[in-house]
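In this text the structure is predicted, and so the values were computed from the model without any measurement.
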Amino acid sequence: MASLSTLPPSNFPMTTPQNLSAAVIHRWPPLSTCNFNSKPPKTLFSTSHLRPATAVASTIEIAPLDTVVSDSLPLKKVLIPIGLGTEEMEAVIMVNVLRQAGADVVLASVERQLEVKLSGGTTLVADVSISECSHQIYDLVALPGGMPGSVRLRDCKTLEAVTKKQAEENRLYGAICAAPAVTLLPWGLLKRKTSTCHPAFFHQLPSFRAIKTNLQVSEGLTTSRGPGTCFQFSVSLVEQLFGESASTKMGKFLLMDTDDEVSRKEEFNEVEWAVDHTPRVLIPVANGSEDIEVVTVVDILRRAKLDVTVASVEKTLSVVGSHGIKIVADKSLKNAAESIYDLIILPGGNSGVERLQKSRIVKRLLKEQVSNERKYGAICSSPSIFQKQGLLQNKKATAHPSVVSMLDSNTTVGSQVVVDGRLITCRGLSSAPEFALAIIAKFFGHGRAKSVATGLVYEYTK
């Protein structure tokens, strides 16, 4: 089946439901069988409940709970399943946001193995097999989309039973992108519910209950349209689990509360980025790198057919992101450094940035990139690395609000994305799609960027 990057464009209006807080609606092989494990899933936010996959937790950036929601709120358990071809942006944004909100999120594989290759080529390592989740009780079951991932979820009998029980017992469940039509509809879980989904699958929904909106909440069921609406979808789930105050704080944390007068993109000292070959992009990653930013940028750039290499600075290809999501890199940075790249991008995440800063290979590659007049970029807190290496001299840049003070006052610009010659920087988190689309526009023009944005269900402006 075709990937979502090849799906036809949407002409649906950008509309939103009226009963959610402002933070939520801001525009912005056979499957496994059951072998029940009696041990409950563990939360990343307590040292007594660390998953084995987070053995390197001392290097992982996990913000204190009181930065987002009150730690007095009861622990909420959430199941997010993935399968071969699941949409990676949707899976990672949901896991990251809900964990940051304080939920105990289990990322479960419906495949025979925990290591799962997703629709854009990113490989994640799930926390558990879906078979270990069959007798658990969850406050929320949320299905990411993507193809053929939604089919893999649909065909998993264990997941079907868990989700049907969720609906029968009036607990929250949700789906995004292709999953409402491809997964929930065949299970009979859209009956008497209004719903939405990705425009390419909208015709499959029952016409009298299908709503052309980015987000639809209907009596315990929440649905949304695609990767470009996933921040909105995830914050809505936070609101339903923890309340409006929590969702408002989460919206601010994700930088979704940007004032309307703050521009999406500014460009200075414009130069041509186009090349006579497929642009090659290197993204070094480390334990603690911000997983939303890594996966979002990689997914969107690959949709535009850029040749993207994710390279680990660690001793293993597997790195654990800022919120416990295990990502398998394509290469070690040592091996990746043997090639030349048109663009090098550093992701954020405070702990990850610290580790990237200490890498001699990263320092050497950046120095060579600038001396050879090739492009370089940073997102969130990683512009601080450029500052320390003197790579922002006489340049305009932006960064996450928490590190802007580290940059020269003559350097900083308040926009979400700033391009200055061969340098591109971004505030991070919910601005990551804008960052990736700006890169596509620089290499290929606005036409391709708009086409990719349409597949994402993201409102693109020049």
Side-chain angles (χ1 to χ4, degrees), residues 15-28 40-46 49 62-80 90-107 136-144 163 165-176 180 193-196 211 213-225 229-259 292 322-325 401-402 429-430:
T15 56
T16 51
Q18 302 300 313
N19 61 339
L20 294 173
S21 71
V24 177
I25 64 174
H26 186 86
R27 59 182 178 94
W28 250 122
K42 305 174 177 71
T43 173
L44 290 166
F45 297 112
S46 168
H49 294 91
I62 297 181
L65 282 180
D66 60 7
T67 63
V68 183
V69 298
S70 169
D71 56 11
S72 63
L73 293 173
L75 185 66
K76 301 291 186 178
K77 295 173 65 174
V78 177
L79 172 65
I80 298 178
E90 295 162 359
V92 168
I93 291 171
M94 283 194 285
V95 172
N96 183 306
V97 171
L98 289 165
R99 281 181 176 167
Q100 186 63 29
D104 174 11
V105 181
V106 176
L107 184 65
Q136 300 288 345
I137 295 176
Y138 296 98
D139 297 281
L140 167 68
V141 175
L143 310 185
T163 311
K165 182 178 180 182
Q166 191 79 5
E168 290 167 0
E169 298 182 356
N170 296 315
R171 293 191 297 272
L172 298 176
Y173 65 107
I176 188 169
K193 304 283 189 182
T194 54
S195 62
T196 191
I211 308 294
T213 180
N214 285 349
L215 180 70
Q216 184 65 31
V217 181
S218 178
E219 300 176 349
L221 168 66
T222 304
T223 51
S224 189
R225 298 172 75 195
T229 66
C230 195
F231 283 104
Q232 183 182 352
F233 177 66
S234 300
V235 174
S236 169
L237 297 177
V238 169
E239 179 168 327
Q240 293 174 68
L241 287 171
F242 296 106
E244 184 175 337
S245 175
S247 70
T248 300
K249 291 179 181 179
M250 179 58 69
K252 292 179 179 178
F253 177 80
L254 294 169
L255 307 179
M256 293 173 67
D257 62 335
T258 303
D259 294 335
I292 280 181
S322 58
H323 291 88
I325 300 173
S402 66
L429 296 170
S430 64

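Once rounded to the nearest 0.5 Å, the distance linking CD of E90 with CZ of F233 reads 8.5 Å. The structure places CG of L215 at 11.0 Å from CZ of R225, a figure rounded to the nearest 0.5 Å. For the atom pair CZ (F231) and CD1 (I93), the distance works out to 4.0 Å, reported to the nearest 0.5 Å. In this structure, Q216 CD and I211 CD1 are separated by 5.0 Å, a value rounded to the nearest 0.5 Å.
Qualifying side-chain contact (heavy atoms from CB on, under 4.5 Å) partners for L241, counting only residues two or more places apart in sequence or in other chains: K76, V78, L98, D139, L140, L172. Applying the side chain to side chain donor-acceptor pair (under 3.5 Å) criterion to S195, with sequence neighbours excluded, gives no partner residue. Evaluation of the side-chain contact (heavy atoms from CB on, under 4.5 Å) rule for A175 yields L143, A179, P180, L184 as partners, not counting sequence neighbours. For E219, there are no side chain to side chain donor-acceptor pair (under 3.5 Å) partners, not counting sequence neighbours. Partners of T223 according to the side chain to side chain donor-acceptor pair (under 3.5 Å) rule, which considers only residues two or more places apart in sequence or in another chain, do not exist here. Checked against salt bridge (charged side-chain N to carboxylate O under 4.0 Å, His left out), E168 has no partners two or more places apart in sequence or in another chain. Residues satisfying the side-chain contact (heavy atoms from CB on, under 4.5 Å) criterion with S402, sequence neighbours excluded, are H400.
With hydrogens and angles left out, the side-chain atoms of S224 and T229 include a donor and acceptor closer than 3.5 Å.
Inter-residue side-chain proximity for V235 and E239 is flagged as unmet; no heavy-atom pair is nearer than 4.5 Å. Counting heavy atoms from C-beta outward, C230 and V97 have side chains that stay 4.5 Å or more apart. When side chains are defined from C-beta on, Q136 does not count as touching L79, because their heavy atoms never get closer than 4.5 Å.
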Show the numbers, then the answer: is there a side-chain hydrogen bond (donor to acceptor under 3.5 Å, both in side chains) between Q240 and S236?
CA-CA 6 Å; Q240 293 174 68; S236 169; 3.1 Å; yes
